[in-house]
Amino acid sequence: MSFPVVAALFGFAFVTTVTPGPNNLMLMASGANFGFRRTVPHMIGIVTGLALLTLLAGAGLMALFDAFPIVRTALKTVSVAYLLWLAWKVATAAPPGETAAKGRPMTFLQAAAFQWVNPKAWAIGLSAITIYAPDRSLLSVTLVAAAFAVVCFPAISVWAWLGTVVRQWLSSARRRQVFNAAMAALLVVSLYPVLGLHG
């Protein structure tokens with residue numbers, strides 16, 4: 001890849017990971033309920049899971065989807081069901097004090113695994129491969145995955161930090177309920193634009 005193409009790839013990776021979506025909305029909720037430090041494994045799991053998903057998509061999963069469209073449809077169905085369940089969990093989250101004592105943020109492995117049922121992660125990964133690694137060679141696919149690994153953490157950490165900013169404001173039970181309900185609603189709404197991508 002030429003330097004302008006690589007620069008465009010890194011820009012694409014940053015913009016697509018910093019914009020609102022299931023990962024970032026969940027990170028904001030986690031930052032608000034658990035604080036930034038306890039959310040770091042969640043963030044690292046997102047970075048790792050997204051980079052691996054992108055690498056494997058370019059290495060063969062796109063061909064599987066092309067050959068068997070039913071697999072893509074099944075993935076979307078499972079993704080929607082799981083994200084609706086997560087939205088319900090966010091909407092009914094315990095107060096910050098209770099959450100810190102009883103609950104725990106998403107772990108590294110849970111966050112990495114979540115990327116496989118995250119429609120936005122699939123849309124990002126498949127789009128990046130299509131645009132920046134159309135030949136699907138190992139080198140170009142690896143470079144695309146590496147770009148996400150490099151820029152994703154600083155991009156998504158902004159959302160966890162924003163959660164910590166509103167943490168004190170959420171000491172009111174009523175405000176916490178409104179915040180959690182809003183995060184849950186946004187999580188559901190975030191499904192709309194990505195479900196239509198790539199068939």
Side-chain angles (χ1 to χ4, degrees), residues 1 3-58 61 79 82-83 86-87 90 105-133 140-167 179-180 182-198:
M1 289 186 194
F3 177 78
V5 174
V6 171
L9 167 60
F10 274 77
F12 175 89
F14 181 80
V15 169
T16 54
T17 53
V18 79
T19 50
N23 279 328
N24 290 336
L25 294 172
M26 289 169 59
L27 285 174
M28 188 172 181
S30 181
N33 287 297
F34 302 107
F36 189 90
R37 186 181 61 80
R38 293 186 66 196
T39 303
V40 168
H42 184 168
M43 290 188 282
I44 296 174
I46 290 172
V47 174
T48 304
L50 180 58
L52 183 60
L53 182 151
T54 303
L55 182 64
L56 294 179
L61 288 177
S79 297
Y82 185 67
L83 280 169
L86 280 176
V90 169
M106 190 175 278
T107 67
F108 166 83
L109 289 177
Q110 289 171 334
F114 172 67
Q115 303 318 301
W116 296 87
V117 292
N118 179 355
K120 185 180 178 185
W122 279 103
I124 289 171
L126 295 176
S127 295
I129 295 298
T130 301
I131 297 168
Y132 297 102
S140 58
V141 167
T142 301
L143 182 56
V144 170
F148 282 104
V150 169
V151 304
C152 185
F153 188 89
I156 64 177
S157 65
V158 172
W159 289 85
W161 173 77
L162 285 173
T164 65
V165 170
V166 300
R167 185 178 173 88
F179 174 81
N180 286 341
M183 289 296 100
L186 288 171
L187 190 56
V188 172
V189 170
S190 73
L191 291 171
Y192 176 76
V194 293
L195 287 176
L197 296 177
H198 306 288

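Values reported hereafter were calculated over all heavy atoms of this structure, with side chains retained and with hydrogens, waters and symmetry mates removed.
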Can you tell which of Phe10, Phe12, Phe148 makes a ring pair (Phe, Tyr, Trp, His ring centres under 6.0 Å) with Tyr132?
Phe12
Approximate separation, where rounding is to 0.5 Å, of Asn24 CG and Ile46 CD1
7.0 Å
Can a donor-acceptor pair be found, under 3.5 Å and without considering hydrogens, that links the side chain of Ser30 to the backbone of Leu27?
no
Could you measure the distance from the CG atom of Leu52 to the CH2 atom of Trp116? Nearest 0.5 Å is fine.
5.0 Å
Quick one: does any side-chain atom of Thr16 pair with a main-chain N or O of Ala13 as donor and acceptor, under 3.5 Å?
yes
Hey, does the side chain of Thr164 reach the backbone of Trp161 with a donor-acceptor pair shorter than 3.5 angstrom?
yes
Distance check, rounded to the nearest 0.5 Å: Leu9 atom CG versus Phe14 atom CZ?
14.0 Å
Verify, without hydrogens or angle tests, whether Asn118 (side chain) and Phe114 (backbone) share a donor-acceptor contact under 3.5 angstrom.
no
Just verifying a value: how many Å separate Phe36 CZ and Arg167 CZ, rounded to the nearest 0.5 Å?
13.0 Å
Closest non-hydrogen atom pair, Leu126 against Ala57
CD2-CB, 3.9 Å
Can you check whether His42's main-chain N or O pairs, donor with acceptor, with Thr39's side chain at less than 3.5 Å?
no
What pair of heavy atoms forms the shortest contact from Arg37 to Pro41, and how long is it?
O-CD, 3.9 Å
I need the minimum non-hydrogen distance between Ala121 and Leu53, along with the two atoms involved.
O-CD2, 3.9 Å
Output the distance between atom CG (Leu25) and atom NZ (Lys120), rounded to the nearest 0.5 Å.
8.5 Å
Heavy atoms only: give me the nearest Leu55-Val141 pair and the separation to one decimal.
O-CG1, 3.4 Å
Identify the two heavy atoms, one from Ala155 and one from Thr17, that lie closest to each other, and give their separation to 0.1 Å.
CB-OG1, 3.4 Å
Residue pair Arg38 / Pro105: nearest heavy atoms and the distance that separates them
O-CG, 3.2 Å
